[in-house]
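Side chains are part of it too, since the values below use all heavy atoms of this structure and drop only hydrogens, waters and symmetry mates. Below, chain A is the first sequence line, B the second, and so on; all start at residue 1.
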Amino acid sequence: MPAPSLPGAQTQPASAPIDLPKTSQSPQLLRIRHSMSHVLALAVQTLFPEAKVTIGPWTETGFYYDFDHPEPFTEADLKAIKKEMGKIIARRLPLERIELSRGDAEARIRAQNEPYKLEILAGLVEPITLYTLGEGWWDLCAGPHVANTGELNGKAFDLESVAGAYWRGDENNAQLQRIYGTAWETPEQLAEYRRRKQEALRRDHRRLGIDLDLFSIEDEAGAGLVFWHPRGARIRLLIEEFWREAHFAADYELLYTPHVADLSLWQTSGHLDFYSESMFGPMQVDERQFQLKPMNCPFHVLTYASRLRSYRELPIRWAELGTVYRYERPGVMHGLMRVRGFTQDDAHIFCLPDQIGDEILGVLNLTEQILSTFDFNTYEINLSTRPEKSIGEDGVWELATRGLIDALERKGWAYTVDEGGGAFYGPKIDIKIEDAIGRLWQCSTIQLDFNLPERFDLEYVAADGSRQRPIMIHRAIFGSLERFFAIMVENYAGDFPFWLAPEQIRLLPVSDGALEFAADLQSKLRAAGVRSSLDRSGERLGKLIRQGEQQKIPLLAVIGAKEAEGGSVSLRSRRDGDLGTVAVAELLSAAAAANQQRAAGLNLPSP
RNA sequence: GCCGGUGUAGCUCAGUGGUAGAGCAACUGAUUCGUAAUCAGUAGGUCGUCGGUUCAAGUCCGAUCACCGGCUCCA
């Protein structure tokens, strides 16, 4: 019997997964998508002659085109446009490249009355090229394109959505209407693309957050403020416990600092000058103004400055799970990914200049250890160097940048360099992780800071008795716990490894006769530090199993008369299927060991 | 903040100006059951919020809040 298709069931592709080429990896696909955007523009101007064209590039999965059109495009319009595009493709219209002078191009654009094209022309260097599409329609374009629309597959494209977009990406400019589309070489690729979109939807942490009762965001409390429900809170606690353990092992100390502080602190730090738009407003308390903290760094800096420091103390490594609040504009919040209150796994290292390399290497090792525990094993590393507008002396920048490179090379991690991409106060390393469906997420960041030690006049006493400025390193591994949690939920699709599951084992009595034995087993599990629940609903086994699977419980333990008598359970694993009969003693020790080792599943002795 | 869309039961959704609905979940009862849904019953709503039009508003209009898809932003 085929497996029933259920919301909670794993969706497996029927055959081998189809490889989906990215535009940047396939010259032919690039031509297809580029031409497809011209076909879209022609279709729109055929149906809506008053629409003005602007730009229409390819994207990694398709293409879009921005139009200036007074009436918003509707879903029905999209359907009509798609139909018109189909007709254009079927006519096998040629696309021809024409090279012309600036004057000729300008004359042609004026004849068509396309104001945006005129603006684009002003920024182009000769030779100017345009591409025709059939008779009469053309667009300023560098290409390349397919030779004729017969190379486009009328069954391998779709229009996906309409969105607002600003002319030249500037919110002070006119708002245009962007039509997004996707296009592929074959209908099979389109189907696979749709399947992957479905898969991303299935993994959406906002969906899973509701289904698995992990967290919520409450209207009455405000947008972007997270309520962790018991199951989500338990997972977060497990993450935090592991994080603390790893930090102590890496010779960090932990800090707790206030959530608010006198506004002057943010004047000293400089945040008020260039960050105030992202801060919650100040509050008046007694005679002083207080500020909800958008960052933890000034607090760690104050802690450092609380007494005189010797060079013998350095490096100092202080970490804090610090909850910060930042004002995000309405309309930008997104589940747990972008919120107004979140917890950073922040740490600051104060060290001597010649300790930079070792310290950065230590951070890289700790980062790898922590991320790989959540099955993120593929990284993309970026090194950002000194920008034009920056503070600090050349020698310090060079020393610091060399320290970062030195650490990356000792770690053996390949990286790309973003010249001039650093912050004004120091160079940095950003780490992106790849998830189970190939998406990249930037979580970890390591930044050197020459600014804050200066502003707060941080010092240590050197060997010769002189006062020197320490080097400050900011680093976060998860970045934001909320956001990392969301990424992790989507990476696992809600199927948490055993050690992270809020409910690890659900005990399912076949009938009420097994309840007593099950209750006894539950207290044994609790004593062993294993999280379990006992279903007393009296429902039939089939239903209990269905519910357990839908709630993605890692282990279901069926308990009937047989098991009660033999002191065992019949185990069913969400990842590995039926595990057969397991003695209670074995279950207890295997489950406790799995927790201890932070394992994905139990290691049971073979039967 | 900007463009477009959506707010009806815990969840998914139906309801085209005239008595607020379904499925699942919940609760109660019966059933005591062996690996993805037992049966029956009960309860659950200021239709996001505020204002307006109308004899009458879930439905039409306005404002507002939130969410969704984007844009912009994210030292």
Side-chain angles (χ1 to χ4, degrees), chain A residues 1 3-9 64 66 69 71-75 77-78 160-180 201 204 206-207 210-211 213 216-224 269-279 294-295 297 326-335 337-340 387 389-390 422-426 428 442 447 449 451-452 474 479-480 508-515 537-551 556-563 570-574 577-580:
Chain A
M1 202 174 96
S5 175
L6 296 166
Y64 66 80
D66 288 348
H69 185 250
E71 298 298 316
F73 295 122
T74 63
E75 284 296 312
D77 292 338
L78 276 196
E160 301 189 285
S161 62
V162 190
Y166 301 104
W167 168 236
R168 298 207 147 148
D170 185 335
E171 63 182 329
N172 298 312
N173 288 344
Q175 181 122 27
L176 309 172
Q177 290 189 67
R178 175 171 299 177
I179 297 178
Y180 279 97
L201 211 60
D204 192 309
R206 294 167 299 185
R207 178 75 258 152
I210 295 169
D211 289 347
D213 198 14
S216 66
I217 290 165
E218 299 294 330
D219 247 26
E220 286 173 86
S269 73
H271 288 112
L272 264 186
D273 292 337
F274 49 79
Y275 200 70
S276 59
E277 276 184 14
S278 298
M279 286 159 63
M295 311 225 167
C297 2
R326 297 182 180 177
Y327 173 75
E328 298 283 1
R329 295 159 92 183
V332 304
M333 264 77 76
H334 181 91
M337 298 278 191
R338 184 121 176 224
V339 291
R340 283 178 170 166
K389 272 190 72 178
S390 56
F424 73 88
Y425 50 76
K428 62 172 180 175
Q442 194 213 304
Q447 308 191 357
D449 187 344
N451 183 45
L452 279 188
H474 306 253
S480 144
L508 310 179
V510 176
S511 70
D512 286 357
L515 268 177
S537 66
E539 292 289 350
R540 297 185 181 186
L541 185 59
K543 177 137 185 187
L544 298 184
I545 290 190
R546 179 183 155 83
Q547 285 173 343
E549 291 289 347
Q550 283 181 339
Q551 290 164 32
L556 300 177
V558 175
I559 298 166
K562 245 183 336 194
E563 287 78 12
S570 173
L571 266 194
R572 184 185 158 114
S573 157
R574 184 159 165 79
D578 192 0
L579 301 178

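- Judged as a salt bridge (charged side-chain N to carboxylate O under 4.0 Å, His left out), and not counting sequence neighbours, A:E75 has no contacts.
- By the ring-ring contact (aromatic ring centres under 6.0 Å, His included) test, A:Y327 pairs with no residue at all, sequence neighbours left out.
- Under the rule for a side chain to side chain donor-acceptor pair (under 3.5 Å), the partners of A:Y275 that lie at least two apart in sequence or sit in another chain are A:R326.
- Partners of A:R340 by salt bridge (charged side-chain N to carboxylate O under 4.0 Å, His left out), not counting sequence neighbours: none found.
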Atom pairs, N/O to N/O, protein against nucleotides 71-75 of chain B, distance under 3.5 Å?
unit_1, atom_1, unit_2, atom_2, d
B:C71, O4', A:G164, O, 3.0
B:C71, O2', A:Y166, N, 3.1
B:U72, O2', A:E171, OE2, 3.0
B:U72, O2, A:R329, NH1, 3.3
B:C73, O2, A:R338, NH2, 2.5
B:C73, N3, A:R338, NH1, 2.9
B:C73, N3, A:R338, NH2, 3.4

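- A salt bridge is defined here as a Lys NZ or Arg NE, NH1 or NH2 lying under 4.0 Å from an Asp or Glu carboxylate O, and A:R206 with A:D204 meets this definition.
- A search for ring-ring contact (aromatic ring centres under 6.0 Å, His included) contacts involving A:Y180 returns A:Y64, not counting sequence neighbours.
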For nucleotides 31-34 of chain B, tabulate all protein N/O to nucleotide N/O atom pairs closer than 3.5 Å, reporting atom names and distance.
unit_1, atom_1, unit_2, atom_2, d
B:U32, O2, A:D512, N, 2.8
B:U32, N3, A:D512, OD2, 2.9
B:U32, O4, A:D512, OD2, 2.9
B:C33, O2, A:R540, NE, 2.9
B:C33, O2, A:R540, NH2, 3.3
B:C33, N4, A:G538, O, 2.9
B:G34, O6, A:A561, N, 3.2
B:G34, O6, A:K562, N, 3.3
B:G34, N1, A:E563, OE1, 2.9
B:G34, N1, A:E563, OE2, 3.3
B:G34, N2, A:E563, OE1, 3.4
B:G34, N2, A:E563, OE2, 2.5

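- Under the rule for a salt bridge (charged side-chain N to carboxylate O under 4.0 Å, His left out), A:D449 has no partner lying at least two apart in sequence or in another chain.
- Shown here are the salt bridge (charged side-chain N to carboxylate O under 4.0 Å, His left out) partners of A:R572, two or more places apart in sequence or in another chain: A:E549.
- Partners of A:H69 under the ring-ring contact (aromatic ring centres under 6.0 Å, His included) rule, at least two apart in sequence or in another chain, are A:F48, A:F73.
- Between B:C68 and A:R206, a contact under 4.0 Å exists linking OP1 or OP2 to a side-chain N or O.
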* **Intra- and inter-strand pairs of RNA chain B in dot-bracket (Watson-Crick or G-U wobble, both distances under 3.5 Å; | for another strand)** => (((((((..((((....[..)))).(((((.......))))).....(((((..]....))))))))))))....

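- Annotation: of the two residues near RNA chain B, A:R207 and A:G335, the 5′-most nearest-nucleotide partner is A:R207.
- For the OP1/OP2 pair of B:C3 and a distance below 4.0 Å, the side-chain nitrogens and oxygens of A:H69 include no atom meeting the criterion.
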Output one line per pair: protein atom, nucleotide atom from nucleotides 47-49 of chain B, and distance, for all N/O pairs under 3.5 Å.
none

